[in-house]
Number of protein chains: 2
Amino acid sequence: MKILIVEDDSILSSNIADALQSEGYSVVKAFDGLLAEKMMLKENYDCIILDINLPGKTGFDICRDFRKTDTFTPILMLTAFGELEDKVKGFDLGADDYLTKPFYMRELIIRVNSLLKRSSKNPGDAKKDLIYKAGDITLDDGKKKVFRNSEIIKLTPREYQILLKLIKNKGEIISKSQLIEEIWGSSFTANTNTIEVYINFLRNKLDKPFGSHYIKTKVGYGYYFDNSENSNL
Amino acid sequence: MKILIVEDDSILSSNIADALQSEGYSVVKAFDGLLAEKMMLKENYDCIILDINLPGKTGFDICRDFRKTDTFTPILMLTAFGELEDKVKGFDLGADDYLTKPFYMRELIIRVNSLLKRSSKNPGDAKKDLIYKAGDITLDDGKKKVFRNSEIIKLTPREYQILLKLIKNKGEIISKSQLIEEIWGSSFTANTNTIEVYINFLRNKLDKPFGSHYIKTKVGYGYYFDNSENSNL
DNA sequence: TCAAAACAATGAAAATACTCATAGTCGAGG
DNA sequence: CCTCGACTATGAGTATTTTCATTGTTTTGA
């Protein structure tokens, strides 16, 4: 169980981390809103503890944007004392629970435990397997949606199928004949350059507007999804 | 265990919340009758604590309307001191227990505990699995009934089956072939547009009279039930 | 190293498929 | 015999898929 703590007060953050670790959870900390969001998009956490007042981007905004791409990871919000409407807003934006500062660590533990219990019971647990993350691309195979940094990218079915195949085997080279076989079926007469055209469509939507190169060509062999360090060189 | 507290006095509300939380319950608060009702229809709570005097809509009305679609979630009513007939009326409208203000928190805890014990022993517990809520739609698969905000919607069997499948997997895309397979069976020759037509029927009954769009099309992929924030855009 | 050959990318246009609303047929049951 | 639910047919509007001609890029071998 891996938990992300997003809290800029380093003392509080460490206290929370200690408490959770002593419960056997593995913990990752983030102190800045923007950085936190990137981490959330790149990696699957089992639970996220999210402060509201953060440098970079507020917890509210992070929560709202994150819920566009991920609806199952439980979020526990930390609100300042007395800010009652914060709680309402938090729930509206997709938080699963809140805790008012200051709080007892014991209570935080209870709430995290119950959030995790709830989400593990949920049928949504299986949905995790349907979500693929690679670089700053998120592909939700349940909703058939693709995001780039929480910005949605609209793909046609064929484009989507190709991207799915490439992301499922990221790093691996997929030959054109493999793509044809799996997406068009064996009966398809591939006497034209249909695949090249679709790869081009994909790049137009996925790579070019962002100035990056995830979809790479291996001349003579096929295509592959590259999310290594310097993938956009 | 998640408990909803519907009480407009924020001090009392917080006191109740604290008491329940220290018992290990997870708590959600609502301060307005109309909002509370929306929350009740959208989410399954294990117990509801309901004040009578509320802005927006009285506890009596909420209770009565809620019981049309949900007969198992225990409701504990809070009545003002001396209003004896309130208790009678409360029971008549479907409340499971009442508590007269002011009261000791200890007593509230006891009553909530016993309500929860009772409902968990009940055969009605199994019924929860048969009730699906999504947005302001409630589908009772035990009674084969569909409600929109406690107003019943009459569906034909085929329409019902489709809606059930979509709501069971709300948010997920269901392809036409999946729908055909599960509802008509594998032997059905799907050479026509039967599904499109039924989706149209469903929308006519479920969406159009209310100016909303729960049933969405993902062109080329299939259909899905959308109850996100801006589902009617 | 350079040119030819093989391979890949691109833009535009034609062909095809999909969705949806309306209208109509058919058969079972009151 | 009339109504209602299940299903079929059709056509317009839209979106997607495919083809083709052209341009660009990489590889190879003399």
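This one's a predicted model, so the numbers in the text were calculated from it and none came from an experiment. Just so we're on the same page: letters track the sequence lines, and every chain starts at 1.
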- request: Given side-chain contact (heavy atoms from CB on, under 4.5 Å), test Y214(B) with D136(B) step by step and report yes or no.
  value: CA-CA 10 Å; Y214(B) 279 129; D136(B) 50 10; 2.6 Å; yes

Ordered by number, residues from residues 154-173 of chain A within less than 4.0 Å of DNA chain D (heavy atoms) are T156(A), P157(A), R158(A)

H213(A) atom NE2 is separated from dT25(D) atom P, nearest whole Å, by 12 Å

To the nearest angstrom, the CG-P distance between N200(B) and dC18(C) comes to 19 Å

So what does N204(A) touch, heavy atoms closer than 4.0 Å: a base, only the sugar-phosphate, or nothing?
-> nothing

task: Would you mind reporting whether E159(A) and Y198(A) have side-chain heavy atoms less than 4.5 Å apart?
output: yes

Taken to the nearest whole Å, CZ/F201(A) to C1'/dT19(D) is 11 Å

K218(B) NZ to dT16(D) P, in whole Å, measures 10 Å

Rounded to whole Å, the CG-C1' distance (N193(B) to dT25(C)) equals 14 Å

dT10(C) phosphate, OP1 or OP2: any side-chain N/O from Y198(A) under 4.0 angstrom? no

Separation of dT22(C) atom C1' from K208(B) atom NZ, nearest Å, is 11 Å

So, does T194(A) get its side chain near the phosphate of dT19(D), meaning an N or O under 4.0 Å from OP1 or OP2?
yes

Separation of dA21(C) atom P from L202(B) atom CG, nearest Å, is 13 Å

**Request:** Establish, with yes or no, whether the OP1 or OP2 oxygen of dT19(C) is under 4.0 angstrom from a side-chain nitrogen or oxygen of Y221(B).
**Result:** no

NZ (K144(B)) and CG (L139(B)) are apart, to the nearest 0.5 Å, by 8.5 Å

Rounding to 0.5 Å, atoms CG (L76(A)) and CG (L50(A)) come to a distance of 9.0 Å

To the nearest 0.5 Å, atom CD of E196(A) lies from atom OH of Y223(A) at 4.5 Å

From CD of E196(B) across to P of dT10(D) the rounded distance in Å is 15 Å

In D65(B), D8(B), D32(B), the residue satisfying salt bridge (Lys or Arg N to Asp or Glu O under 4.0 Å) with K57(B) is D65(B)

* Using a cut-off of strictly less than 4.0 Å, decide whether T192(A) has a side-chain nitrogen or oxygen near OP1 or OP2 of dT19(D). => yes

5'-most contact on DNA chain D (nearest-nucleotide basis), V219(A) vs W184(A), goes to W184(A)

- Message: Cation-pi check for F225(A) against K170(A): NZ or CZ below 6.0 Å from the six-membered ring centre and within 45 degrees of the axis, yes or no?
- Response: no

Taking dT17(D), dC20(C), dC18(C) as options, the one with an atom nearest any side-chain atom of R203(B) is dC20(C)

